[in-house]
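Here is the structure we will look at.
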Amino acid sequence: MSSRDLTIIGYLSVLAAGITLQIAGIRRPDRLPSLGRVLSHVMQSRTGRVGIIVAWAWVGLHFFAR
Amino acid sequence: MTDGAGEAAENPPAARANAGRVSAGRVAASGLRQPIVAILLLIALFTAVSGKPLDGVLTLSVATLLSLEAARSRQPGAARDPGARATECPAASVSADQPRRGLRTVLARAAWLAAGGLYCAVVGSFSRYSWPATTSVVALGCLMIAIGWQGPLIRRPLPAGEPLRRAWWWAVVLVSGGLLELGSLLQQPHLTTDSYAHPTVSALTDPLLASHPGRSVVLGGWLLTGWFLAGR
């Protein structure tokens with residue numbers, strides 16, 4: 001297995017972990033928060049809200065703008 | 001009474017103006033206490049050194065503004081984060097603030113979806129990194145930041161209690177993804193040259209973003225994520 005394959009498996013593992021957490025958060029909200037609930041908590045303050053939105057804007061800039 | 005206090009007593013607007021002024025050291029100290037500001041500064045640094053100065057300028061500018069805001073809010077007598085929502089949001093007020101569902105809501109959502117679809121189709125037709133694509137994405141990003149600065153668009157009941165204490169699981173996943181991406185970036189032959197053996201997410205998505213439909217689909221996902229965040 002090449003380094004490229006291992007790197008791609010690593011990314012897919014992180015993605016799978018995120019999807020698993022989201023499903024667990026939706027099915028058992030009393031035990032684990034979904035991503036939406038975590039973001040709502042982080043975005044209570046202006047710093048958190050603007051910081052998260054900047055991270056979102058950065059993704060768009062990263063892929064499309066220079 | 002000191003001269004400054006005397007001036008403040010005689011001239012309240014001047015006192016308010018002085019209260020708004022903060023030193024650079026206080027701004028830096030207040031900003032670095034905020035984890036999100038520190039993360040934005042790291043993003044700005046790594047983005048700038050990897051050959052994307054525009055991304056770095058945007059994140060650095062907002063990190064500076066947030067630091068300034070944090071320093072001002074720490075001053076005696078300053079209003080506490082005017083853009084923040086109340087810690088507790090009673091269910092009654094939440095339901096009262098929610099927009100009434102009906103034909104107008106459906107039409108408004110349909111209009112937003114049509115506008116989003118048009119944006120994806122038009123901006124997706126532009127080449128990556130061209131000036132029309134750059135202008136379109138920067139304009140939308142700045143608009144969203146300005147909206148987010150004002151406050152939440154929709155009031156929602158805040159999560160609390162036992163489940164929230166397990167939010168660190170999400171931090172583990174996000175940090176793992178970030179470290180994997182950073183490791184791949186640092187193993188490239190040069191920060192601006194992709195590596196086949198250690199591809200970053202950007203390198204892996206290049207084939208998808210090479211076509212008009214691919215760019216439109218990715219832009220659609222980006223817009224939907226923005227819509228999701230706007231509703232937080």
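Note on naming: letters A, B, ... go to the chains in the order of the sequence lines (proteins, then strands), and numbering restarts at 1 for each one.
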Around atom OH of Tyr129(B), are there more than 12 heavy atoms from other residues, nucleotides or ligands closer than 6.0 Å?
yes

Value rounded to 0.5 Å, distance of CG in Leu61(A) from CH2 in Trp222(B):
7.0 Å

Heavy-atom pair count under 4.5 Å with chain B, highest-scoring of Val50(A), Ile53(A), Val14(A):
Val50(A)

Between Val172(B), Val123(B), Val173(B), which has the largest tally of heavy atom pairs under 4.5 Å with chain A?
Val173(B)

Leu40(B) versus chain A, the contacting section by heavy-atom distance below 4.5 Å
side chain

Between the side chain of Trp149(B) and the main-chain N/O of Arg46(A), is any donor-acceptor distance below 3.5 Å?
no

Less than 4.5 Å to any heavy atom of chain B: does that hold for the side chain of Ser34(A), its backbone, both, or neither?
backbone

Chain A heavy atoms under 4.5 Å from Leu180(B): which part of the residue, side chain, backbone, both or neither?
both

Under the side chain to side chain contact (heavy atoms under 4.5 Å, CB included) criterion, do Leu39(A) and Phe228(B) qualify, and how do the steps go?
CA-CA 10 Å; Leu39(A) 285 173; Phe228(B) 173 76; 3.6 Å; yes

When the 4.5 angstrom heavy-atom criterion is applied to Leu6(A) and chain B, the contacting part is neither

Compare every heavy atom of Thr7(A) with every heavy atom of Pro199(B), then report the nearest pair and how far apart it is.
O-CG2, 3.5 Å

Quick check: closest heavy atoms across Leu66(B) and Gly51(A), and the distance to 0.1 Å?
CD1-N, 4.3 Å

All heavy atoms of Gly141(B) vs all of Ala57(A), minimum pair found to be CA-CB, 3.9 Å

Test your reading of the model: is there a side-chain donor-acceptor pair from Arg166(B) to the backbone of Leu32(A), 3.5 Å cut-off?
no

What part of Val138(B) gets within 4.5 angstrom of chain A, counting heavy atoms only: side chain, backbone, both, or neither?
both

So how far is it from Leu174(B) CG to Leu35(A) CG, rounded to the nearest 0.5 Å?
7.0 Å

Heavy-atom contact with chain A under 4.5 Å, split by part of Val201(B):
both

Please determine if Arg128(B) forms a cation-pi arrangement with Phe63(A), meaning its NZ or CZ atom is less than 6.0 Å from the six-membered ring centre and no more than 45° off the ring axis.
no

Honestly, the part of Ser136(B) sitting under 4.5 Å from a heavy atom of chain A is neither

Drop me the distance from Ile145(B)'s CD1 to Ile52(A)'s CD1, to the nearest 0.5 angstrom.
12.5 Å

With only heavy atoms counted, which part of Leu209(B) is less than 4.5 Å from chain A, the side chain, the backbone, both or neither?
side chain

Minimal non-hydrogen separation, Met144(B) against Trp56(A), with atom names:
CG-CZ3, 3.4 Å

Determine whether a donor-acceptor pair (N or O, by modelled atom type, separation under 3.5 Å) exists between the side chain of Trp170(B) and the backbone of Gln22(A).
no

For residues Asp55(B) and Ala65(A), report the shortest heavy-atom separation together with the two atoms involved.
OD1-O, 4.2 Å

Contacting region of Gln187(B) [heavy-atom separation from chain A under 4.5 Å]
neither

Any side-chain heavy atom of Arg4(A) sitting closer than 4.5 Å to one from Leu204(B)?
yes

Pairwise distance CZ(Phe64(A)) to OG1(Thr135(B)) - rounded to 0.5 angstrom:
14.5 Å

Is it the case that over 12 heavy atoms from other parts of the model lie below 6.0 angstrom from the CH2 atom of Trp131(B)?
no

